[in-house]
Structure formats: C-alpha cells, structure tokens
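Take a look at the structure below.
Model, not experiment: these values are computed from the prediction. Sequence lines set the chain letters: A, B, ... in the order given, protein chains first and strands last, and positions in each chain run from 1.
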Number of protein chains: 2
Amino acid sequence: MMLSFTEENYLKALQKIVFYSGIEKVGTNELATALLVTPATVSNMLKKLKEKELVDYERYGKITLTKTGRKKALDIIRKHRLWETFLYEKLEFSWDEVHEVAEQLEHIQSEKLVDKLDKLLEYPDFDPHGDPIPNKKGEVKVRVNKTLADVAVGSSCKIVAVKDDSSSFLKYVAKVGLELNSEIVVVSKQEYDAITVIEVNGTESSVSQLFSENIFVV
Amino acid sequence: MMLSFTEENYLKALQKIVFYSGIEKVGTNELATALLVTPATVSNMLKKLKEKELVDYERYGKITLTKTGRKKALDIIRKHRLWETFLYEKLEFSWDEVHEVAEQLEHIQSEKLVDKLDKLLEYPDFDPHGDPIPNKKGEVKVRVNKTLADVAVGSSCKIVAVKDDSSSFLKYVAKVGLELNSEIVVVSKQEYDAITVIEVNGTESSVSQLFSENIFVV
DNA sequence: TTTATTAGTTAGAGTACTCTAACTTTATTA
DNA sequence: TAATAAAGTTAGAGTACTCTAACTAATAAA
Ligand SMILES: [Mn+2]
Ligand SMILES: [Mn+2]
Ligand SMILES: [Mn+2]
Ligand SMILES: [Mn+2]
C-alpha cells in the first residue's frame with residue numbers, strides 16, 4: 001500500500017517517540033508537538049491511519065502503531081539513516097548537515113535503491129550520529145539509554161550517540177569539542193540548575209541539563 | 001523562491017517539449033498531454049506560474065518559459081540526469097531502471113548534494129541514455145537531432161542517445177540488441193508504413209517508424 | 001466529590017491540485 | 001466568408017492536508 005509523505009511522517013514520529021521515551025502509548029498532543037502541527041490536525045489524520053490499520057486507537061484513547069505501522073516506520077527510519085551515512089561517508093557532508101537532506105531522501109520509493117545503497121556503504125550498523133540502522137526486517141540493535149546527565153560527578157564516560165540530530169545542537173556539540181567516541185570527564189555539577197562542568201581533551205565547558213540529556217554515553 | 005513538486009514538473013515538461021520538438025511556443029493541450037492531466041488543469045496552473053513570472057503567456061496564447069523559468073527547469077533536468085548517472089554508475093542499475101527513480105530524486109532540494117554528486121561522478125557530460133547533462137549555469141551541449149528514421153536505406157549509423165527513456169522502450173531497444181554506440185545498418189524500409197529492417201551485430205530486426213524516431217544517431 | 005485543568009475532538013474554513021461539463025475563442029476547411 | 005473543428009477557458013466540485021474556535025471528556029487538585 002502506497003503512503004503519502006505526510007502519512008509516512010506520522011508513522012516515523014510515533015516510532016521515534018516510543019524509541020526515545022520508552023513509553024509505548026502516545027497522546028495526540030505529544031504527536032502534534034513532534035510534527036509541528038495542531039492537535040486537531042492529528043485527530044483528523046488518526047482516523048485515516050486507523051482506517052488503513054497502521055495505528056490502534058479509540059476516541060480519547062492512546063495511540064500505538066500496529067505491526068504493519070511499525071514495520072513501515074522502521075523502513076523509513078532505515079532509509080533516513082542509510083542516506084545520512086551515505087552523505088557523510090561518500091559525499092563529504094558533516095554530521096550536522098546530513099539530517100535535513102535525509103528528511104527528504106527518506107521518502108524516495110525504491111527497494112532496489114535502498115538495497116544497493118546498503119551494499120555500497122558495506123551494510124553499516126550505525127549512522128553518523130551513532131543511531132542504529134534497522135535492518136531490512138526492521139530489527140534494531142538495542143540502544144544505550146544512559147545519558148551524560150546520568151554520569152556521576154568525578155566519573156568519565158564515552159559519547160556513543162546523540163539523541164537530537166538537528167544542525168543547531170550538533171554545532172553546539174562540536175563547539176564543546178565533542179564527537180563520537182570522545183572521552184568526557186564530569187568535573188562538577190550545580191545542585192540548583194544542574195549546570196555541569198565537563199572536560200574534553202583538557203578543555204572545560206559548562207553545559208545545561210538539556211544538553212546532557214541529549215548525549216548518549218557508556 | 002521555493003517551488004512545489006508540481007510546479008517543478010510543469011517547468012520541466014515545458015523545457016523538454018521545446019528541447020525535443022524544437023518548437024519554442026507550446027500549447028495548453030500539448031502540455032496537458034505531456035503531464036497526463038486535463039487541459040483545464042493546465043489552464044489553472046498557468047495562472048500561478050505566470051504570477052510567479054516563470055512563464056510568459058496570455059489568455060488563448062502560447063506558453064514560453066521566462067529566463068528564470070528555464071533556469072529552474074534546467075536545474076531539475078540537471079539533477080534528474082545526474083541521479084540517473086549515479087544510479088547507473090555507482091549502484092548497478094540498468095539503463096531502463098534509472099528514469100523512474102530519478103523522477104523522484106530530481107525534486108530533492110540541496111545545492112551541496114548536487115555539487116558533491118557531480119564531483120563523485122567526475123563531472124559527467126552525458127547520462128546513461130546519451131542525454132546531455134546541463135552544467136551549473138544551465139548550459140547544455142548542442143544535441144544531435146538526426147534519428148534512425150532519417151538514415152537512408154543501405155547506410156549505417158551509430159546510436160548516440162535515446163529520446164524516450166521509459167522502461168518499456170528501453171527494454172525493447174535492448175531486445176533488438178542495441179545499446180549506446182552500437183552500429184546500425186538500415187537494410188530496407190517499407191514504403192507503405194515505414195517498417196524498417198535493421199541489422200545489429202549481424203542480426204536483423206523489423207522496427208516501426210515510432211521506434212526509429214526515438215533513436216538518435218550520427 | 002465538586003471544581004479546575006489538561007487532553008482531545010468536531011465543525012467550518014482555507015490552500016494546492018485535480019477533475020468534468022459547459023462554454024468561448026481561434027484555426028481550418030468547404 | 002460561413003460553417004465546422006480544434007484549442008483553450010471557466011465554473012463548480014472533490015481529495016488531501018492544514019488551521020482556528022468552540023466544544024467535550026478525562027484527569028488532577030481542592
Ligand atoms: Mn536524522
Ligand atoms: Mn541520525
Ligand atoms: Mn530520465
Ligand atoms: Mn536520461
């Protein structure tokens with residue numbers, strides 16, 4: 001069954017909320033916020049997605065993806081991350097430039113294209129942001145869910161992925177001297193507002209709670 | 001100025017009609033046929049394209065692209081042919097598979113992507129169908145306009161490009177044993193219906209007038 | 001448990017693109 | 001030149017997606 005760009009974006013947004021929050025049941029407002037539309041718009045679209053059996057949902061109830069819906073969502077996420085990897089590995093894009101273009105490329109319909117791209121990139125497991133790339137069956141590597149915000153003062157850790165792949169966030173990350181696999185030492189943390197002093201390659205920086213929560217570490 | 005997929009397709013269709021027919025002034029019905037929509041739909045869209053100064057046109061008059069309109073159209077054709085070349089050269093697609101996917105990829109907006117793709121492909125001048133790839137400025141190599149239909153009986157020629165890049169036509173071309181740079185001998189031609197017997201690599205085939213008109217030769 | 005707050009839905013409207021049917025203008029032909 | 005055919009336009013409607021404003025249901029607080 002052929003889906004529109006819009007429908008694909010709804011499914012992807014649902015899957016990403018579940019993936020990043022761990023919560024299975026999503027609300028209308030939450031989805032509206034993620035898609036930058038009003039709750040009324042989501043209510044409308046839900047009727048269509050339910051009709052097509054891509055989501056389970058009852059009036060005033062919570063939204064979950066059906067098996068078909070989740071597979072479709074993972075397909076799009078797979079394409080998104082493969083394209084990001086392609087742009088980064090083959091076309092000299094930096095990691096803060098790939099997301100925007102991949103948002104467009106993820107909607108291209110061609111199974112052969114995806115397969116050949118996967119092959120050209122030698123079947124990568126992770127994209128330039130450390131996010132796992134679902135395989136053809138829709139299977140995803142279990143993700144790390146420890147963030148920089150969870151690291152105790154005095155300990156050190158290694159950055160393995162970022163939760164936010166927007167250009168503005170990634171430019172900030174780079175400014176602090178961080179990239180994938182960088183070592184971070186948590187020097188100190190303010191009790192009042194959780195402002196944290198971290199050390200990267202001998203240089204200290206102060207970062208917010210929001211920043212720390214968007215950095216996955218081991 | 002940001003154009004919709006639809007607007008881009010209208011501009012591209014106009015440019016392609018001019019490019020392949022040589023006629024500068026295009027009619028509503030002609031454009032409608034090319035886009036597989038009704039003339040009424042074209043009439044509507046023309047108002048918008050005129051408003052945006054992409055076409056010149058008066059009620060009941062002929063349609064021409066403005067300078068801006070033509071540049072935009074050539075940009076899309078450039079992207080289309082670069083993507084076709086990419087699919088063919090880097091992803092093992094055959095020449096009859098590339099067009100359909102390129103129809104989608106040509107609408108991706110990213111100047112950097114086009115530049116880097118051009119570089120990766122080492123600045124190609126022609127796509128897998130022998131069509132010239134416009135450069136960044138919108139300049140196109142002058143095209144050959146002699147077709148197989150123009151070749152005299154008894155003479156031979158070489159195929160340099162195809163006018164139709166649909167999968168069905170290209171599969172037929174391959175079936176006759178033809179590919180770019182193949183030598184063709186025109187053995188005989190029926191006067192009544194122009195059915196032509198050609199010889200390729202020692203094998204004879206009969207082809208129609210329509211077929212012959214879609215094969216560019218030197 | 002009543003009240004206030006938050007979450008979610010419906011109604012009605014707007015934009016983009018498309019269609020059919022009826023019409024008008026331009027071109028062709030007798 | 002008058003009749004006919006072809007080309008092109010307008011009116012009105014439909015689908016997809018979106019919004020605001022007014023509403024209802026569910027949840028949290030008093
Ligand atoms: Mn991304
Ligand atoms: Mn990513
Ligand atoms: Mn093509
Ligand atoms: Mn081509």
Checklist entry - Can a side chain N or O of A:Arg59 be found less than 4.0 Å away from OP1 or OP2 on C:dT10? => result yes

Checklist outcome for this item: A:Glu58 CD to D:dT24 C1', in whole Å, measures 17 Å

Checklist entry - According to the Watson-Crick and G-U wobble definitions, with both distances under 3.5 Å, which nucleotide is paired to D:dA30? => result C:dT1

Item to check | Nearest-neighbour nucleotide for the B:Tyr10 side chain, C:dT18, D:dA25, C:dT25 considered | outcome: C:dT18

Checklist outcome for this item: Separation between CD (A:Gln190) and CG (A:Asp193), nearest 0.5 Å, reads 6.0 Å

Checklist entry - Under 4.0 Å: is that the gap between some side-chain N or O of A:Lys62 and OP1 or OP2 of C:dA7? => result no

Checklist outcome for this item: Separation of C:dA16 atom C1' from B:Leu49 atom CG, nearest Å, is 13 Å

Next on the checklist: Given A:Val98, which partner from the list A:Phe93, A:Phe86, A:Trp83 fulfils the side-chain contact (heavy atoms from CB on, under 4.5 Å) test?
Outcome noted: A:Phe93

Next on the checklist: Give the residues of residues 18-46 of chain A touching DNA chain C, defined as any heavy atom closer than 4.0 Å, sorted by residue number.
Outcome noted: A:Gly27, A:Thr28, A:Asn29, A:Pro39, A:Ala40, A:Ser43

Item to check | Nucleotide opposite D:dT9 in a Watson-Crick or G-U pair, distances under 3.5 Å | outcome: C:dA22

Checklist entry - How close or far is atom P of D:dT9 from atom NZ of B:Lys50, stated in whole angstroms? => result 11 Å

Next on the checklist: Looking at A:Lys141 and A:Ile133, would you say the former's side chain and the latter's main chain have a donor-acceptor pair under 3.5 Å?
Outcome noted: no

Checklist outcome for this item: Contacts of B:Thr66 meeting side chain to side chain donor-acceptor pair (under 3.5 Å) (sequence neighbours excluded), chain-then-number -> none

Checklist entry - Picking from C:dT10, D:dG8, C:dA7, which would you name as closest to the side chain of B:Tyr60? => result D:dG8

Item to check | Selection residues 91-102 of chain A - residue pairs positive for salt bridge (Lys or Arg N to Asp or Glu O under 4.0 Å), sequence neighbours left out | outcome: A:Glu92-B:Lys116, A:Glu92-B:Lys119, A:Glu97-B:Lys112

Item to check | A:Glu53/A:Lys67 salt bridge by N-O under 4.0 Å criterion | outcome: no

Checklist entry - Could you give the CD-to-C1' distance, from B:Glu7 to C:dT15, as a whole number of Å? => result 12 Å

